[in-house]
Amino acid sequence: MIELRDVSKFFDQTPAVEALTLSIPKGKFCALVGTSGCGKSTTLRMINRLLTHTRGQIELDGQSIDAYDPVLLRRRIGYVIQNTGLFPHWNVARNIGLVPRLLKWPTAQVNQRVEELMALLGLPVNEFAHKYPHQLSGGQAQRVGVARALAADPDILLMDEPFGALDPITREKLQEMLMQLQARLHKTIVFVTHDMDEALRLADKLVVMRDGRIVQQGTPLSLLQKPSDAFVDSLLGGLERGLKQASLTRVKDHMVPPGAHLAAPRVTTEQTLRQALSLMLRDQCERLTVVDPQDEPVGELSLDRLVKEAFHPKERPRDD
Amino acid sequence: MTRPVHPGSAYQPTQLLWPMMWLVLLVVVVLVIPHAQGLFQWLAPEAREVIYQRAAFTQLLGRHLLVVGAAALMTITLGVLAGVVVTRQWGRDFLPLVAQVASLGQTFPPVAVLALAVPALGFGTVPIIVALVLYGLLPIVRNTIAGLKGVDPAVVSAAYGMGMTPGQILRQVELPLAAPVILAGIRTSVTINIATAALGATVGASNLGDPIIAGIVNANNAYIVQGAMVIALLAVSVDSMFEVFQRRLRSRTP
């Protein structure tokens, strides 16, 4: 549980964050979104006291962060940054083991934890443990960055545009990986990004910031349905909002039992309404057969139904 | 955790070839000079004595090394310390001052430092060490500052974010990453000072400068060549040792 109450940060006389109140429940994924300079990174860096807030209260599990020694506080909070910040003169294993060693874990335990994390992040120990950061691809390096942040099993993970420097394909892979990790680990994550699609995809809670203030917060769906003003609307894609909403909903939540006559084009239950719509446009049809992962027909979806249902989703796709 | 294996830093005996050769040559020359009367007679046909006799060359070499070594130790300690202080948050105000003092030290001719130091410190090795420290400070201070400032700010920021203390960041992150640049400064400083130390002969610090000064005073080219040869070989030997050290360091910090 992270609680910010009326928090402001001034650099000299210039406000970077003003009167920000935000509550992030335990185990939830909160994305801070906004254009550059809106104060989202500043907000993040106040939580682990890399920056000191000028006014207001920041609490972790009901305890003010001012009560902690900043160094000890940071060892309890995972931190991932855009350009990884891996130590170039340390190999992968040593980089990952940093915080456990700072916490004076016995060597055997550190080594065991490092191997555990490398397995968790899909980095084979034999291949990667002794490599140096400059020998890794961007995606591999950021996996190491995430592993390092998770090493001492912190409850909270702060991520400052972690995938911002990666190519779109790698970015998508790491987003997928992060979603799977979160489904298992249930960390409280604060994730800063300027990529709205990334935020919509990952977040339980979306916070839109502008000029150091929160413009709107809520679930991705609630923002898509009711953006509070033109700024949020444009950030959410304006006319594309409908498609983004469709991409948050899965076919299985809107299909009906299959009729006697099966349409030729097929979608799987796990695909999104957006993908289904795209398929209809591509194949110039109004009906799709829905199949399960074993390719057995389990339902059907019509354009008519898709258009009417997309705005009344029954379930968030991430909550399965 | 076991010490990491660095690709490309495997021990290569050939790396040591050049410094070893220069060292052997230095030792051979020091040992041969006293017996090379014929050769040096040819350099100074007029002179009655052609081999510098007032002290053995091994002894002069030893004293020379001692002076340069003592000065290097002080210069490195002072220079790196100053460079570290002015790159800290709390020491930033001193950056212009330290940079200026260091460049002043180098622009001020060592001869002038000697002239000023002798009345205060007397004759002997102390004034020459002072002169060498002042003269050698700039490259070390400058490179320490450049090296520390060259460390990727994202790395330092991550180090803070992980919960390292400023001391841990300096020792485990900043200094190791800046080491190749700092070492380059030390190399320049020490190599220059091997030659500059010869000036000590003018204020009674007996070292490899003695034969040179004696040669100038007595118009004896043979003495000058003997002193200069040994100093040059010493400088080249030490410089090539630094070269090896630097290459090994660079292979482990990409």
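Just so we're on the same page: letters track the sequence lines, and every chain starts at 1.
With a threshold of 4.5 angstrom between heavy atoms, Gln168(B) approaches chain A through side-chain atoms but not through N, CA, C or O. In this structure, no portion of Arg76(A) lies under 4.5 Å from any heavy atom of chain B. Of the two parts of Val99(A), only the side chain, counted from C-beta on, holds a non-hydrogen atom closer than 4.5 Å to a non-hydrogen atom of chain B. Contact of Leu103(A) with chain B is not made at all, since no heavy-atom distance falls under 4.5 Å.
In this structure, Phe10(A) places its CZ atom where more than 12 heavy-atom neighbours from other residues, nucleotides or ligands lie under 6.0 Å away. The number of heavy atoms from other shown groups lying within 6.0 Å of CE (Met241(B)) is above 12. Dense packing is recorded around CH2 of Trp90(A), with more than 12 heavy atoms of other residues, nucleotides or ligands lying under 6.0 Å away. The number of heavy atoms from other shown groups lying within 6.0 Å of NZ (Lys173(A)) does not exceed 12. Counting heavy-atom neighbours within 6.0 Å of Tyr68(A) OH, excluding the residue itself, gives a total above 12. Enclosure of atom CH2 in Trp105(A) by more than 12 non-hydrogen atoms of other residues, nucleotides or ligands within 6.0 angstrom is indicated.
The two residues Gly163(B) and Arg75(A) come nearest to each other via the heavy atoms O-NE, 2.7 Å. Considering every non-hydrogen atom in both Ala158(B) and Ile81(A), the closest pair reads CB-CD1, 4.0 Å. Taking each heavy atom of Arg74(A) and Tyr160(B) in turn, the nearest pair found is CD-O, 3.0 Å.
Taking non-hydrogen atoms and a 4.5 Å limit, the residue list of residues 133-155 of chain B in contact with chain A, ordered by number, reads Ala154(B), Val155(B). Contacts from residues 31-43 of chain A to chain B, taken as heavy-atom pairs separated by less than 4.5 Å, involve no residues at all. For residues 61-91 of chain B, heavy-atom neighbours of chain A at less than 4.5 Å comprise no residues at all.
Screening residues 114-129 of chain A for side-chain hydrogen bond (donor to acceptor under 3.5 Å, both in side chains) gives Arg113(A)-Glu116(A) as the qualifying pairs, with residues at least two apart or on separate chains.
For the atom pair CZ (Phe87(A)) and CE (Met162(B)), the distance works out to 7.5 Å, reported to the nearest 0.5 Å. Expressed to the nearest 0.5 Å, how far NE2 of His89(A) lies from CG of Leu249(B) amounts to 11.0 Å.
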